[in-house]
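Reckoned from all heavy atoms, side chains included, excluding hydrogens, waters and symmetry mates. Letters go in sequence order (proteins before strands), and every chain restarts at 1. Only a predicted model underlies this, so the values are computations on that prediction, with no experimental measurement involved.
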Protein chains: 2
Amino acid sequence: MTENADSATSDEKIFFYGKIQELPDDVIDTLSNDSVVFGCDDSTLKVLLVRHAEGDSAGEWALPGGWVRYNESVDDSAVRMLQHLTGVHDIYLEQLHVFSDVHRVPHRRIITTAYYALIRPDDHAIAAGFSTYDVRWVDIHDLPELIYDHADIIDMALHRLRHKVRHEPIGFNLLNKKFTLLQLQELYEAILDVKLDKPNFRRKMLKMNLLISSNEKQTGVSHRAAKLYEFDEAVYHELEQQGFNFEI
Amino acid sequence: MTENADSATSDEKIFFYGKIQELPDDVIDTLSNDSVVFGCDDSTLKVLLVRHAEGDSAGEWALPGGWVRYNESVDDSAVRMLQHLTGVHDIYLEQLHVFSDVHRVPHRRIITTAYYALIRPDDHAIAAGFSTYDVRWVDIHDLPELIYDHADIIDMALHRLRHKVRHEPIGFNLLNKKFTLLQLQELYEAILDVKLDKPNFRRKMLKMNLLISSNEKQTGVSHRAAKLYEFDEAVYHELEQQGFNFEI
DNA sequence: TTTATAATAGTTAAAAAGACTATAAGCTTG
DNA sequence: CAAGCTTATAGTCTTTTTAACTATTATAAA
């Protein structure tokens with residue numbers, strides 16, 4: 001990052017569509033970022049949306065986004081916005097697509113680079129102090145109407161997530177560092193909208209040797225506690241070098 | 001497209017890094033596109049590069065690219081540039097990534113959206129009349145030094161191609177509409193840098209039911225002529241709906 | 001007609017996927 | 001504390017797929 005994200009202290013750092021005329025003077029006025037932030041709660045897939053309380057687009061739901069500054073990359077602008085929004089510093093974040101239709105924003109030419117991010121349950125609490133807008137986790141099956149082309153962006157992000165999650169071990173970024181095999185299975189079921197066989201899923205996962213079996217167990221459940229596992233990034237990268245292909 | 005690509009008649013429509021100060025006045029001066037154009041010849045994977053004859057970057061190799069106009073999307077700007085460069089109108093083209101490091105271009109802030117394109121052998125001839133620069137197919141294993149971050153862009157494009165070609169039937173866009181099974185196999189071998197077993201590859205391909213067996217055969221070969229096949233896009237999209245997953 | 005080259009067909013063993021059944025562990029409630 | 005419930009975990013068996021081969025056939029060219 002070009003600059004410390006925490007230097008951002010005011011709400012204006014987050015994309016405020018309703019105040020589009022009052023741009024800070026250190027941003028490129030045609031370029032924005034928008035992020036589809038995924039989270040998984042109660043085995044349902046959710047997206048983080050914001051709603052502005054003032055301005056032209058007050059009351060309308062939108063993806064969280066922000067402007068790109070002259071002295072930062074587009075990626076950095078997205079990281080900065082997300083850190084400010086969620087308070088989390090090691091977010092899984094990937095570029096999704098550039099949306100640049102001439103008429104995607106009325107009366108303005110704004111080209112946005114869309115991202116998708118994966119957030120762990122432990123980090124679902126949203127940083128407080130956002131007086132000028134609502135921030136909310138919304139079930140992916142129950143999205144409200146969104147401004148501009150944001151519905152298209154979510155649509156593409158969901159397709160990308162569904163595809164990528166089957167071919168690369170990125171799903172782990174939607175779980176806490178330590179998780180049970182059933183949590184992992186339910187995550188896949190939520191994302192892919194399928195039902196999986198428990199013993200087979202379990203066997204397949206374990207055979208890949210990508211899970212570190214911790215000695216800890218689940219707590220606070222009213223049944224036999226399952227063992228907690230951790231994703232082994234080091235082993236994955238090693239296997240990847242050797243041509244290993246993660247597949248669900 | 002916002003505008004007919006053929007309205008472009010001069011070389012200035014293609015990114016001319018050496019003349020960066022002499023921008024047309026209908027472009028967004030911070031935004032460009034750059035494309036990694038892949039082609040497969042003699043079972044080797046190649047990339048289309050340009051070399052400018054005049055200006056600051058004369059003599060240096062670069063990816064073909066262009067500016068984004070106010071009245072077109074970034075995607076359209078890439079299509080326009082590629083059509084002008086290759087003369088081909090139905091190019092397979094996908095967004096790759098936005099490269100936006102503050103210092104990627106010296107003394108200038110230029111944010112580029114990178115694309116990758118796949119060109120069929122039949123279309124490898126480059127449209128004539130590019131007086132101000134060289135255009136050349138270069139073996140992927142034998143790349144010259146490139147300006148700016150273009151080597152990184154090719155690197156990412158190659159990774160993306162290698163990954164995507166294994167999971168989606170896009171490889172066909174690097175072959176002519178009609179091809180033999182051995183050509184297809186050699187294409188995969190060239191892209192993935194592996195050796196495949198002929199009978200097994202053949203069986204696997206045919207079992208997918210994605211190939212229309214034409215009644216035609218190869219001509220001009222000094223051995224038994226192989227049957228020509230065509231990729232069946234319609235069947236693929238149907239199977240895709242049903243959850244079918246292309247895998248090599 | 002021989003020869004070279006690649007097309008195409010077939011075989012077999014090992015591995016993986018899929019659909020199950022069975023048992024064990026541990027909380028909860030009467 | 002025992003019965004019952006829920007989930008963890010182990011194991012079986014069948015079907016498919018993959019992988020490594022061998023064998024045969026067609027065709028242009030010498």
Can you tell me which residue pairs pass the salt bridge (charged side-chain N to carboxylate O under 4.0 Å, His left out) test with a partner in [range], sequence neighbours excluded?
range	answer
residues 146-165 of chain B	B/Glu94-B/Lys164, B/Arg104-B/Asp149, B/Lys164-B/Glu168
residues 223-240 of chain A	none
residues 208-222 of chain B	B/Lys178-B/Glu216
residues 114-124 of chain B	none

Subject >> Residues in contact with DNA chain D, drawn from residues 238-248 of chain B - heavy-atom cutoff 4.0 Å >> reply: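 Hits under 4.0 Å, by residue number: none.
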**OP:** Please work out which residues in residues 182-197 of chain A have a non-hydrogen atom less than 4.0 Å from an atom of DNA chain D and list them by number.
**Re:** A/Leu182
**OP:** Classify the nucleic acid contact of B/Lys198 as base, sugar-phosphate or nothing, counting any heavy atom under 4.0 Å across all strands shown.
**Re:**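 Here B/Lys198 touches the bases of the nucleic acid.
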With sequence neighbours excluded, residues passing ring-ring contact (aromatic ring centres under 6.0 Å, His included) with [X]:
X	value
A/Tyr116	none
A/His159	none
B/Tyr236	none

Original post:
Going by distance alone, is a donor N or O of one side chain under 3.5 Å from an acceptor N or O of the other, for A/Thr113 and A/Asn33?
Top reply: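 No - no donor-acceptor pair under 3.5 Å links their side chains.
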Subject >> B/Tyr115 side chain to B/Asp75 side chain, donor-acceptor N/O pair below 3.5 angstrom >> reply: yes
**OP:** Could you tell me from which nucleotide to which nucleotide of DNA chain D, 5' to 3', there is an atom under 4.0 Å from chain A heavy atoms?
**Re:**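 Listed 5' to 3', the contact boundaries are D/dT6 to D/dT12.
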Between [atom2] of [N] and [atom1] of [X], the distance in whole Å:
X	N	atom1	atom2	value
B/Phe201	C/dA7	CZ	C1'	15 Å
A/Arg203	C/dA16	CZ	C1'	10 Å
A/Asn200	C/dA16	CG	C1'	10 Å

Subject >> Trace of the side-chain hydrogen bond (donor to acceptor under 3.5 Å, both in side chains) decision for A/Ser73 with B/Asp101 >> reply: CA-CA 5 Å; A/Ser73 68; B/Asp101 263 21; 4.7 Å; no
**OP:** Sugar-phosphate atoms are those with a prime plus P, OP1 and OP2; base atoms are the rest. Using that split, label each nucleotide of nucleotides 22-30 of chain C B, S or - for protein heavy atoms under 4.0 Å, 5' to 3'.
**Re:** --BBSSS--
Subject >> Residue whose closest nucleotide on DNA chain C lies nearer the 5' end, A/Lys207 versus B/Lys227 >> reply: B/Lys227
**OP:** Mind telling me whether B/Phe179 and B/Phe172 have parallel, tilted or perpendicular rings, with 30° and 60° as the class edges?
**Re:** tilted
Side-chain donor-acceptor contacts of residues 197-208 of chain B below 3.5 Å, not counting sequence neighbours, with atom names and distances?
| from | atom 1 | to | atom 2 | distance (Å) |
| --- | --- | --- | --- | --- |
| B/Asp197 | OD2 | B/Asn200 | N | 2.9 |
| B/Asp197 | OD2 | B/Asn200 | ND2 | 3.2 |
| B/Asn200 | OD1 | B/Arg203 | NH2 | 2.8 |

Original post:
Is it true that A/Tyr148 and A/Phe99 have ring centroids separated by less than 6.0 Å?
Top reply: no
